[in-house]
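Working notes for the structure below.
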Amino acid sequence: MKIKVIVTLKKSVLDPQGTVVQQALNGMGFNNVNDVRQGKFFEININEKDQKKAEEKVDEMCKKLLANLVIEDYKIIGSQ
Amino acid sequence: MNSSVITFPGSNCDRDMDVALKKFGFKNKMVWHNDIELPKSDLVVLPGGFSYGDYLRCGAMASKSKIMQSVINFAKSGGFLMGICNGFQILTETKLLPGILLRNKHAEFICKNVFVKINNTENNYFKNIKKKTLELHIAHNEGNYFCSNEQMKEIEDHNQIALLYSDENGEINQNCNPNGATKNIAGIFNKKKNILGMMPHPERMIDSALSGEDGSIFFKNLVNNLK
């Protein structure tokens with residue numbers, strides 16, 4: 001199965017990278033961009049046919065490595 | 001006194017740390033991240049650098065290295081474990097220390113000397129240091145200390161703040177906060193004070209040919225306290 005995960009900074013956490021990207025976009029003439037938040041996207045190919053089991057494993061991976069729950073949230077956004 | 005410095009792929013302050021430890025009387029061994037056993041040590045150091053190219057999050061991959069299980073066991077049984085810069089980031093990723101180091105507030109790499117106030121001297125790292133502040137070097141992109149409100153309450157309740165960015169006289173204010181760190185935090189301990197993580201590099205300030213010698217004060221004191 002292929003599981004797709006996004007990891008995003010929690011709303012309360014400052015995102016200097018996102019701010020710099022927003023400033024660059026404004027500088028390029030995209031004046032209506034008010035805010036940018038940068039995150040991470042993972043596509044995990046796992047040798048498991050059962051969707052529920054595969055998602056449970058990926059959930060464990062997120063908690064143990066892919067996300068740091070002090071500052072980040074994660075979400076499985078697709079399985080196929 | 002026996003010490004060990006762990007080298008991860010991408011560590012680049014490991015040899016500076018080796019020089020510093022030996023200069024002040026430690027018998028130091030370099031340990032490769034893929035080793036499983038830790039040599040007999042009174043002190044283990046996770047050095048600065050860019051372990052695993054800072055992939056995923058700074059320190060995240062190194063925290064899962066083979067040697068880390070021995071390092072974690074060593075620290076949990078009361079061994080003295082110190083993480084400098086990237087080493088501090090690794091310690092937060094192993095959860096041996098609370099919180100995390102975020103990207104610097106102004107999105108710039110900072111490389112300069114700073115003053116840090118010693119906030120707690122009731123531990124083997126800073127006990128008997130007479131100076132109130134030390135001038136040390138920082139060089140990092142992710143040194144902005146952050147933790148949850150619950151973690152901060154625990155840190156303060158257990159007096160875990162080790163170092164604070166300050167001016168030369170020990171005054172704490174935003175003008176001397178280089179990276180946006182919560183409460184100007186430059187270094188913290190675990191509850192038992194045997195684990196120390198800090199962003200400044202004492203190993204860069206141990207020779208008059210370098211830009212200062214306050215690192216010498218730290219290492220001389222440390223070797224005496226651990227005897």
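Quick caveat: nothing in here was measured; it's all calculated off a predicted structure. In what follows, every chain begins at residue 1, and chains take the letters A, B, ... in the order their sequences are listed.
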Take atom [atom1] of [X] as the centre, draw a 6.0 Å sphere, and report whether it contains more than 12 heavy atoms from other residues, nucleotides or ligands.
X       : atom1 : result
F30(A)  : CZ    : no
K64(B)  : NZ    : yes
E122(B) : CD    : no
K127(B) : NZ    : yes
R15(B)  : CZ    : no
K40(A)  : NZ    : yes
E168(B) : CD    : no

Which portion of K105(B) sits near chain A, non-hydrogen atoms under 4.5 angstrom: both

Heavy-atom distance under 4.5 Å to chain A: side chain of L56(B), backbone, both or neither? both

Taking side chain as everything from C-beta outward and backbone as N, CA, C, O, which of these in K10(A) sits under 4.5 Å from a heavy atom of chain B? Side chain, backbone, both or neither. neither

Residue V70(A) versus chain B: region with a heavy atom under 4.5 Å: both

P16(A) and side-chain contact (heavy atoms from CB on, under 4.5 Å): which partner among E108(B), H106(B), R103(B)? R103(B)

Quick check for you: among L14(A), L65(A), T19(A), which has the greatest number of heavy-atom pairs under 4.5 Å with chain B? L65(A)

Is it true that a side-chain atom of R57(B) and a backbone atom of L66(A) form a donor plus acceptor pair closer than 3.5 Å? yes

Spatial distance of atom CD1 (I100(B)) from atom CD (E72(A)) [nearest 0.5 Å]: 6.5 Å

Does K95(B) form a side chain to side chain contact (heavy atoms under 4.5 Å, CB included) with N68(A)? I'd like the steps, not just the answer. CA-CA 10 Å; K95(B) 309 279 187 272; N68(A) 185 319; 4.0 Å; yes

